[in-house]
Number of protein chains: 2
Amino acid sequence: MNIHLFCVMRVRDENKIEALLAEARKMVVEEGFDGLSMQKLAKAAGVSPATIYIYFKDRDDLLIQLYKRETDRFFEYIFRDFDPEMDFATGMTVQWKSRASYVIENLDNTHFMEHFKYSHLHQKAMALRDPKYAEGLKRFVRKAIDNKELVEMPFEVYWSVAFAPLYNLVHYHKAGRNMAGDPFVLTDEMLLQTLSLVLKALKP
Amino acid sequence: MNIHLFCVMRVRDENKIEALLAEARKMVVEEGFDGLSMQKLAKAAGVSPATIYIYFKDRDDLLIQLYKRETDRFFEYIFRDFDPEMDFATGMTVQWKSRASYVIENLDNTHFMEHFKYSHLHQKAMALRDPKYAEGLKRFVRKAIDNKELVEMPFEVYWSVAFAPLYNLVHYHKAGRNMAGDPFVLTDEMLLQTLSLVLKALKP
DNA sequence: AAAATAAGTGAATGTTCATTCATTTTTAAC
DNA sequence: GTTAAAAATGAATGAACATTCACTTATTTT
């Protein structure tokens with residue numbers, strides 16, 4: 001074994017990885033998981049099919065890495081201004097508005113993340129998640145319940161009441177239609193009203 | 001043209017259609033849309049691949065027909081005991097509990113419907129929907145707002161606050177895990193609490 | 001500039017895909 | 001039991017699929 005073994009090497013091209021993942025996301029959002037083929041992806045990203053396999057073990061690995069990257073970016077953003085020690089109303093508002101602005105500004109990324117949650121790869125991908133963000137939110141909720149700022153409830157009930165309505169509205173917005181097929185555009189006013197309804201539900 | 005043209009004919013085998021759709025749903029739920037191939041489906045349903053094309057135009061048509069069948073069955077069930085003329089608290093409770101019991105008892109069907117909503121076929125499938133159910137719910141909401149039993153809000157905000165938390169909880173339940181990867185089993189108590197939180201949010 | 005090594009490739013591999021077609025089977029009316 | 005017509009089929013088709021491999025290119029240390 002040579003001491004220089006890890007020194008003589010050409011650098012990984014991060015731009016290629018970026019391009020591949022961005023194109024893959026676009027293809028999945030536009031045509032579904034069965035619309036993502038490795039040869040079409042290679043062409044769209046301007047590389048050879050073989051190059052994909054330098055950076056990713058296989059197709060599943062590429063999708064899992066993409067999901068991990070998307071969730072990392074998402075969590076980093078929404079926890080930037082959030083502190084579990086905030087009082088409940090402040091913390092909820094910060095957390096909710098961060099999520100809202102991220103998903104509105106990143107409709108494709110959000111669509112991909114939500115779509116991925118229904119795939120059989122989701123289980124495998126969850127194992128790679130950094131638990132620190134979920135832990136922070138859990139601590140925030142536990143503290144709020146202890147302080148009587150939040151009705152006592154399981155964490156999953158809290159999460160579902162607090163955030164599921166937001167993602168549902170954004171899904172309509174991305175489609176441009178509501179559940180009945182009517183045209184729909186999400187407004188700031190609707191977002192603020194939804195937040196206030198959610199707070200009303202959760203506060204004692 | 002012969003008068004017997006429409007009399008001499010072999011009957012369509014509804015069992016085959018049932019078997020095909022049931023197996024297709026199972027394959028999509030277990031392996032995703034890219035896990036559904038026509039040859040594997042034919043084998044699973046015990047027919048020849050060519051037989052599928054007697055009943056369905058192509059793969060997309062099969063998926064769209066399946067989605068239509070699932071949503072029809074779902075809406076028929078949840079509107080069975082519901083009447084738009086009910087007062088708000090009663091109507092909401094009936095509607096919510098119907099949805100809850102259907103989705104809990106039909107986890108695979110629900111998973112398929114939710115998954116399908118993120119596919120590019122969803123737009124096409126929505127055009128086939130009978131609008132009568134959505135109309136009933138809209139009338140119910142309009143009347144509740146007029147009667148001051150429900151805060152004034154867009155229909156989409158109402159729907160999202162009212163029902164999105166339920167579907168989110170059921171998604172965790174089906175996976176057996178919450179968003180953080182912890183084991184999760186949905187209980188009746190959680191369902192009832194979620195309903196009461198939602199009612200609190202919506203009532204003036 | 002030579003040597004070393006990873007990055008990158010185009011063409012090829014064998015497989016699986018959706019779909020079709022020539023043919024046979026089943027059914028129901030006569 | 002003959003006839004008509006749809007139902008059903010197995011085998012075949014060509015396209016598209018994920019992945020690999022022998023090879024070339026680029027980069028850095030020596």
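Note on naming: letters A, B, ... go to the chains in the order of the sequence lines (proteins, then strands), and numbering restarts at 1 for each one. What you see is a predicted model; the values in this text were computed from it and never measured.
- A search for salt bridge (Lys or Arg N to Asp or Glu O under 4.0 Å) contacts involving Glu30(B) returns nothing, not counting sequence neighbours.
- In this model, no donor atom of one side chain and acceptor atom of the other lie less than 3.5 Å apart for Tyr67(B) and Ser119(B).
- Defined by atom type and a distance below 3.5 Å, a donor-acceptor pair is missing between the side-chain atoms of Tyr102(A) and Thr110(A).
- Residues forming a salt bridge (Lys or Arg N to Asp or Glu O under 4.0 Å) with Lys143(B) (at least two apart in sequence, or on another chain): none.
- Residues Glu149(B) and Lys203(B) are not paired through a salt bridge, judged by the lack of any N-O separation under 4.0 Å between the basic side chain and the carboxylate.
- Rounded to whole Å, atom P of dT26(C) lies 14 Å from atom CD1 of Ile54(B).
- Under a 4.0 Å N-O distance rule, the pair Asp182(A)/Lys138(B) qualifies as a salt bridge.
- The residues Lys43(B) and Glu23(B) are annotated as not salt-bridged, no charged nitrogen and carboxylate oxygen being separated by less than 4.0 angstrom.
- Distance Ile52(A) CD1 to dT19(D) P: 10 Å, rounded to the nearest Å.
- Using a 4.0 Å cutoff on non-hydrogen atoms, the parts of residues 33-51 of chain A near DNA chain C are Val47(A), Ser48(A), Ala50(A), Thr51(A), ordered by number.
- Considering only side-chain N and O atoms, Tyr53(B) lies nowhere under 4.0 angstrom from the phosphate OP1 or OP2 of dT9(D).
- Salt bridge Glu114(B)/Lys117(B): present, at least one basic N to carboxylate O contact under 4.0 Å.
- Residues from residues 56-70 of chain B lying near DNA chain C, meaning a heavy-atom separation below 4.0 Å, are Asp58(B), Arg59(B) in numerical order.
- Remark on the helix from dA1(C)-dT30(D) to dC30(C)-dG1(D): inter-end axis angle 20°, axes from five-pair C1' superpositions, rounded to 10°.
- In this structure, Arg129(B) does not pair ionically with Asp72(B), as no charged nitrogen and carboxylate oxygen lie closer than 4.0 Å.
- For dA7(C), the OP1/OP2 oxygens have no side-chain nitrogen or oxygen of Lys16(A) closer than 4.0 Å.
- For residues 152-168 of chain A, the set of pairs meeting the side chain to side chain donor-acceptor pair (under 3.5 Å) definition, not counting sequence neighbours, comprises Arg99(A)-Tyr167(A), Glu156(A)-Asn178(B), Ser160(A)-Asn168(B), Asn168(A)-Tyr172(A), Asn168(A)-Ser160(B).
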